[in-house]
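Residue numbers begin at 1 in each chain, while the letters A, B, ... track the order of the sequences. The model shown is predicted, which means the values in this text are computed figures rather than measured ones.
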Amino acid sequence: MTNWLFKTEPDVYSWADQVKKKVEPWTGVRNAQARNFMRAMKVGEHGFFYHTGDERQVVGIVEVARVFYPDPVEPAGPWGQVDVRTVKPFAKPVTLAQIKAEPKLAELLLVRHSRLSVMPIDDAAWKLICKMGGL
DNA sequence: GCCAACGTTGGC
DNA sequence: GCCAACGTTGGC
């Protein structure tokens, strides 16, 4: 089991949208590294739902509901998507500033590779961030 | 609004 | 195959 993190601009697709939809394809990833991570995802694996832009915080947890499949708009193309299902919101969102202030999280790809939009989160970091978020 | 990081493109 | 130019992302 691997844990993940999904980034989204809340103006485009927010946690509120995800809660409303319940299960929704994670579309628009156009980066090979992020795509490869999505390919490695298995049904039932959990991921943080992170808002970029002005918010910059982890707001909830989703789980993989369908493994990687081709972009339906361009099925022959190199890109694809997974489906994610809403699991639960954080009692208290965990901000990027909080994450950066925690030395144990200094190696997180979220910090070290800020442009990556889909990334794995190791168990220790996952548990710590959940705890920081009141879960 | 700026800029660093980084990916992509195109000329050679 | 290299690399300069350019575009995009996301944090500040």
Let me know the distance between [atom1] of [X] and [atom2] of [N], rounded to the nearest Å.
X        : N      : atom1 : atom2 : value
A:Leu96  : C:dG11 : CG    : P     : 6 Å
A:Asn31  : C:dT8  : CG    : C1'   : 11 Å
A:Phe6   : C:dT9  : CZ    : P     : 19 Å
A:Leu110 : C:dG10 : CG    : P     : 11 Å
A:Glu55  : C:dG11 : CD    : P     : 12 Å
A:Leu116 : C:dT8  : CG    : P     : 19 Å
A:Lys7   : C:dT8  : NZ    : P     : 18 Å
A:Met119 : C:dT9  : CE    : P     : 15 Å

Exercise. Can the ring centroids of A:His46 and A:Phe48 be said to lie less than 6.0 angstrom from one another?
Worked result: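 A:His46 vs A:Phe48: aromatic centres not under 6.0 Å.
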Problem set entry | Closest nucleotide among C:dG11, B:dG7, C:dG10 to the A:Glu9 side chain |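 Given the options C:dG11, B:dG7, C:dG10, the side chain of A:Glu9 is closest to C:dG10.
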For this session: Tell me which nucleotide among C:dC12, B:dG7, C:dG10 gets nearest to the side chain of A:Arg56.
Result: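 Among C:dC12, B:dG7, C:dG10, the one nearest the side chain of A:Arg56 is C:dC12.
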Without placing hydrogens or testing angles, list every side-chain donor-acceptor pair under 3.5 Å for residues 108-130 of chain A, not counting sequence neighbours.
{"from": "A:Arg112", "atom 1": "NH1", "to": "A:Glu107", "atom 2": "OE1", "distance (Å)": "2.7"}
{"from": "A:Asp122", "atom 1": "OD1", "to": "A:Ala124", "atom 2": "N", "distance (Å)": "3.1"}
{"from": "A:Asp122", "atom 1": "OD1", "to": "A:Ala125", "atom 2": "N", "distance (Å)": "2.9"}
{"from": "A:Asp123", "atom 1": "OD1", "to": "A:Asn3", "atom 2": "ND2", "distance (Å)": "2.8"}

Problem set entry | Under the side-chain contact (heavy atoms from CB on, under 4.5 Å) test, residues paired with A:Gln98 that sit two or more places apart | A:Val94, A:Thr95, A:Met132
Problem set entry | Value rounded to 0.5 Å, distance of CD in A:Glu63 from CE in A:Met41 | 12.5 Å
